[in-house]
Amino acid sequence: MTMQPPPAHETPADEAEGRAIQDRLRGLVVLDEPGPAPGTGLVTGVDVAYDDEKDVVVAAAVVLDAETLETVDEATAVGTITFPYVPGLLAFREIPTVLEALESLTVDPGLVICDGYGLAHPRRFGLASHLGVLTGLPVIGVGKNPFTFSYEAPGPRRGDFSPLLDGDEVVGRALRTQENTNPIFVSVGHRIGLDNACAHTLRLARRFRQPESTRRADALCRQTLREATA
DNA sequence: GCGACAG
DNA sequence: ATCTTGTCGC
């Protein structure tokens with residue numbers, strides 16, 4: 001068996017090229033691995049903050065022990081905005097700086113959890129899938145709203161879930177992480193199954209709606225943006 | 001043609 | 001995403 005080196009990131013010249021790149025890379029997504037067992041190893045939250053006025057983008061990666069949820073490493077990267085926000089093309093805006101942050105870590109990231117979606121995407125190749133293909137790491141996507149997809153409200157208890165649907169096709173899950181709180185939306189990115197992706201997400205969201213990994217990465221990139229922009 | 005649209 | 005601290009309410 002031959003392992004192909006991961007493709008390098010390319011910034012498209014326009015939206016049409018961006019969609020073409022996604023259609024091409026989509027074939028490299030691996031969906032038949034169960035992924036790391038929940039509660040073991042390391043999990044890395046990734047998030048990005050912007051200052052559109054100054055064209056600055058900051059990415060943060062925070063590594064947690066999956067069992068204790070203690071932070072074991074963190075890194076940030078400051079870059080320049082190279083692509084506008086276009087629904088469906090979010091990855092091109094975030095990935096260059098996110099890759100830099102991940103490469104600055106001193107440990108293997110393990111399972112990566114990012115804002116946004118993986119399979120739940122108009123071309124089935126959202127940020128989480130894209131990041132997975134470029135790094136070779138298992139990645140899951142966790143979003144705060146259903147994007148263009150539909151769902152029925154999951155049951156009221158923590159851990160209840162319902163399918164996230166594009167027509168008849170299941171592209172992810174609406175997962176309730178806290179009672180009396182809106183669900184979050186989990187989809188598979190690369191090298192992990194949906195059951196495991198939800199199990200990891202639930203463990204990481206013991207106390208709040210969003211996974212602890214995302215909350216820490218969010219706080220870190222925001223703080224770094226304030227400092228970089230001041 | 002119009003509106004909706006992850007972050 | 002971002003403007004933005006404490007505050008109202010379940």
Side-chain angles (χ1 to χ4, degrees), chain A residues 9 11-12 15 18-19 21-22 25-26 29 45-61 76-99 101 112-133 139-151 153 156-158 164-167 169 171-176 178-190 197 201 208-211 213-230:
Chain A
H9 169 71
T11 296
E15 298 183 19
R19 291 188 288 270
I21 291 172
Q22 291 178 329
L25 295 182
R26 181 180 51 206
V29 173
V46 156
D47 196 19
V48 173
Y50 300 95
D51 185 327
D52 284 286
E53 297 283 307
K54 301 187 176 179
D55 255 29
V56 176
V57 51
V58 174
T76 59
V78 181
T80 299
I81 297 177
T82 58
F83 204 80
Y85 170 67
V86 179
L89 300 177
L90 173 66
F92 294 108
R93 183 170 166 83
E94 307 217 327
I95 275 190
T97 316
V98 165
L99 288 175
V112 175
I113 299 168
C114 58
D115 274 25
Y117 287 116
L119 256 194
H121 177 273
R123 286 168 294 284
R124 303 293 178 267
F125 193 73
L127 173 63
S129 310
H130 202 144
L131 189 58
V133 164
V139 183
I140 70 184
V142 178
K144 295 179 288 297
N145 67 59
F147 199 7
T148 63
F149 305 108
S150 61
Y151 70 104
R157 319 264 302 167
R158 171 177 154 79
L164 184 65
L165 299 170
D166 187 355
E169 188 178 351
V171 294
R173 277 180 196 163
L175 175 66
R176 179 123 27 222
Q178 302 294 323
E179 296 186 3
N180 307 309
T181 302
N182 290 329
I184 57 179
F185 302 88
V186 179
S187 63
V188 158
H190 185 60
T201 302
F208 299 98
R209 179 183 180 224
Q210 293 189 266
S213 43
T214 298
R215 300 183 76 250
R216 286 184 207 168
D218 179 74
L220 180 56
C221 67
R222 285 214 232 193
Q223 177 196 329
T224 306
L225 179 65
R226 283 195 300 270
E227 295 165 355
T229 293

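Residue numbering restarts at 1 for every chain, and letters A, B, ... go by the order of the sequence lines. Just so we're clear, the structure is a prediction, and the values are computed from it rather than from any experiment.
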>> side chain to side chain contact (heavy atoms under 4.5 Å, CB included), that's the test. Do A:V171 and A:S187 meet it? Break it down for me.
In response: CA-CA 7 Å; A:V171 294; A:S187 63; 5.9 Å; no
Quick one: label [X] by what it contacts on the DNA or RNA (base, sugar-phosphate, nothing), any heavy atom closer than 4.0 Å.
{"X": "A:A120", "answer": "nothing"}
{"X": "A:L89", "answer": "base"}
{"X": "A:G126", "answer": "base"}
{"X": "A:G88", "answer": "base"}

Rounded to whole Å, please give me the gap between [atom1] in [X] and [atom2] in [N].
{"X": "A:D51", "N": "C:dC3", "atom1": "CG", "atom2": "C1'", "result": "12 Å"}
{"X": "A:Y50", "N": "C:dC3", "atom1": "OH", "atom2": "P", "result": "14 Å"}
{"X": "A:N145", "N": "C:dA1", "atom1": "CG", "atom2": "P", "result": "10 Å"}
{"X": "A:E94", "N": "C:dA1", "atom1": "CD", "atom2": "C1'", "result": "9 Å"}
{"X": "A:I113", "N": "B:dA6", "atom1": "CD1", "atom2": "P", "result": "21 Å"}
{"X": "A:K54", "N": "C:dT2", "atom1": "NZ", "atom2": "P", "result": "14 Å"}
{"X": "A:R93", "N": "B:dC5", "atom1": "CZ", "atom2": "C1'", "result": "14 Å"}
{"X": "A:R19", "N": "B:dC5", "atom1": "CZ", "atom2": "P", "result": "18 Å"}

>> Which label fits A:H9 and A:F92: parallel for a plane angle under 30°, tilted from 30 to 60°, or perpendicular past 60°?
In response: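 A:H9 and A:F92: tilted rings.
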>> Would you say A:K144 places a side-chain N or O within less than 4.0 Å of OP1 or OP2 belonging to B:dG7?
In response: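 Checking B:dG7 against A:K144, a side-chain N or O does come within under 4.0 Å of OP1 or OP2.
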> If you measure from the ring centre of A:Y85 to the centre of the six-membered ring in the base of B:dG7, is it under 5.5 Å, with the planes under 30° apart?
Replying inline: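 Yes.
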>> Using ring centroids (six-membered ring only for Trp), state whether A:Y151 and A:F185 fall under 6.0 Å.
In response: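 Centroid separation for A:F185 and A:Y151: below 6.0 Å.
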>> To check you understand the geometry: which heavy-atom pair defines the closest contact between A:G118 and A:A128, and what is its length?
In response: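 Nearest heavy atoms, A:G118 then A:A128: CA-CB, 3.8 Å.
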> Only one of A:R215, A:R93, A:K144 clears salt bridge (Lys or Arg N to Asp or Glu O under 4.0 Å) with A:D115; which?
Replying inline: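 The residue from A:R215, A:R93, A:K144 that satisfies salt bridge (Lys or Arg N to Asp or Glu O under 4.0 Å) with A:D115 turns out to be A:K144.
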